[in-house]
Amino acid sequence: MKRKQERFRIIEGLDNVIEPTKANYNSIKGNWRESHFKNNNPITIELACGRGEYSVALGKLFPERNFIGVDMKGERIWKGSTLAVEQGLSNVAFLRTQILLIENFFALGEVDEIWLTFPDPRPRKRDIKRRLTSPRFLEMYQRLLKPGGYVRLKTDNTLLYTYTLEELQQRTDILDLQYTDRVYESPLRPECFDIKTRFEEMFAAKGETIKYLRFHF
Ligand SMILES: C[S@@+](CC[C@H](N)C(=O)[O-])C[C@H]1O[C@@H](n2cnc3c(N)ncnc32)[C@H](O)[C@@H]1O
């Protein structure tokens with residue numbers, strides 16, 4: 001508990017974390033490039049980022065792009081945000097919010113790419129609408145993304161993977177859908193840059209294969 005409070009205190013003092021305590025929390029929408037990153041570079045958001053392994057690793061690989069990890073748990077964001085500061089990655093930021101509220105923080109077409117990294121599979125039938133690839137989330141992604149911007153999902157979970165493929169395949173507005181249930185044995189592997197998140201490490205240790213799919217609208 002004490003450690004958690006300490007981490008909350010630390011992220012309160014970090015400029016790369018946008019959360020309710022920050023002055024720009026209600027004004028960042030539509031202004032990420034101008035007021036936060038101070039460049040005009042493309043923006044990738046990582047939803048359900050946890051410790052933000054993708055945001056930090058991609059930020060290092062692509063200094064000419066901006067990355068924003070999004071999660072509701074401040075304690076997890078603490079990890080990615082402090083790492084980004086230690087590594088001098090001014091192109092990496094974190095947003096603490098419920099993903100359902102994401103449109104309060106990004107304007108239409110403000111985002112170039114969306115990564116979903118091991119989101120909770122929400123296996124119960126009554127939770128289907130909470131899956132990050134359920135129709136209401138797909139509609140939101142379509143509004144946030146620039147035309148042609150890719151959505152990328154990495155998961156260990158067969159149910160979420162097959163659910164998502166079925167959802168996408170029954171729509172008529174999905175383009176360039178590519179998928180694999182074994183990304184490390186697939187030609188799609190380079191698209192994931194071999195970045196391993198905490199949950200990927202945990203699931204892989206249990207023998208789960210890692211699934212990946214991507215598409216744009
Ligand atoms: C299984 S973890 C994956 C974390 C990280 N991407 C990884 O692969 O290690 C799922 C993450 O989603 C976050 N999360 C779940 N539902 C969320 C929501 N509705 N809004 C924001 N974050 C959410 C949780 O806090 C958690 O950090």
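When a ligand or atom number is given, it counts from 1 through the structure's own listing order. Values in this document were obtained by computation on a predicted structure and should not be read as measured data.
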**Request:** Please check if the side chain of Tyr184 supplies one atom and the backbone of Ile210 the other of a donor-acceptor pair under 3.5 Å.
**Result:** no

**Prompt:** Do any N or O atoms from the side chain of Lys73 and from the backbone of Gly50 form a donor-acceptor pair under 3.5 angstrom?
**Reply:** no

**Request:** Could you see which bit of Cys49 sits under 4.0 Å from ligand 1, with heavy atoms only: side chain, backbone, both or neither?
**Result:** backbone

**Request:** Examine the proximity of ligand 1 to Thr97 and report which part, side chain or backbone, both or neither, has a heavy atom under 4.0 Å away.
**Result:** backbone

**Prompt:** Should Arg65 and Asn91 be marked as a side chain to side chain contact (heavy atoms under 4.5 Å, CB included) after you check the CA-CA gap, both sets of side-chain angles, and the distance that decides it?
**Reply:** CA-CA 7 Å; Arg65 298 183 67 98; Asn91 60 334; 5.6 Å; no

Would [X] count as a polar contact of ligand 1, with the cut-off being nitrogen or oxygen pairs under 3.5 Å?
X      : answer
Ile99  : yes
Thr117 : yes
Gln98  : yes
Leu100 : no
Phe118 : no
Asp71  : yes
Ala48  : yes

**Prompt:** Within a radius of less than 6.0 Å around CG of Asp15, do more than 12 heavy atoms belonging to other residues, nucleotides or ligands occur?
**Reply:** no

**Prompt:** In ligand 1, which numbered atoms sit nearer than 4.0 Å to a non-hydrogen atom of Thr197?
**Reply:** 7 (C), 8 (O), 9 (O)

**Request:** Using the ring of Phe8 (Phe, Tyr or Trp, six-membered ring only), decide whether Arg96 places NZ or CZ under 6.0 Å from its centre and within 45 degrees of its axis.
**Result:** yes

Protein contact to [atom] [nearest heavy atom, distance to 0.1 Å]:
atom                    : answer
atom 2 (S) of ligand 1  : Phe199 CE1, 3.6 Å
atom 14 (N) of ligand 1 : Met72 CE, 4.0 Å
atom 10 (C) of ligand 1 : Asp120 OD1, 3.6 Å
atom 26 (C) of ligand 1 : Arg76 NH1, 2.8 Å

**Asked** Could you walk me through whether Glu53 and Thr197 pass the side-chain hydrogen bond (donor to acceptor under 3.5 Å, both in side chains) check?
**Response** CA-CA 5 Å; Glu53 287 90 345; Thr197 71; 5.0 Å; no

**Asked** Taking the inter-plane angle between the rings of Phe203 and Phe199 on a 0 to 90° scale, is it parallel (under 30°), tilted (30 to 60°) or perpendicular (over 60°)?
**Response** tilted

**Prompt:** Which word best sums up how the rings of Phe137 and Tyr141 line up, parallel for under 30°, tilted for 30 to 60°, or perpendicular for over 60°?
**Reply:** tilted

**Request:** Look at atom 16 (N) of ligand 1 and find which of Lys73, Arg130, Arg198, Arg122 reaches it with the closest heavy atom.
**Result:** Arg122

**Item:** Path from Leu58 to Val183 over hydrophobic side-chain contacts below 4.5 Å
**Value:** yes

**Asked** Given the rule in the side chain to side chain contact (heavy atoms under 4.5 Å, CB included) test, do Ile77 and Glu19 qualify, once you have shown the distances and angles that lead to the verdict?
**Response** CA-CA 10 Å; Ile77 279 180; Glu19 56 162 359; over 6 Å; no

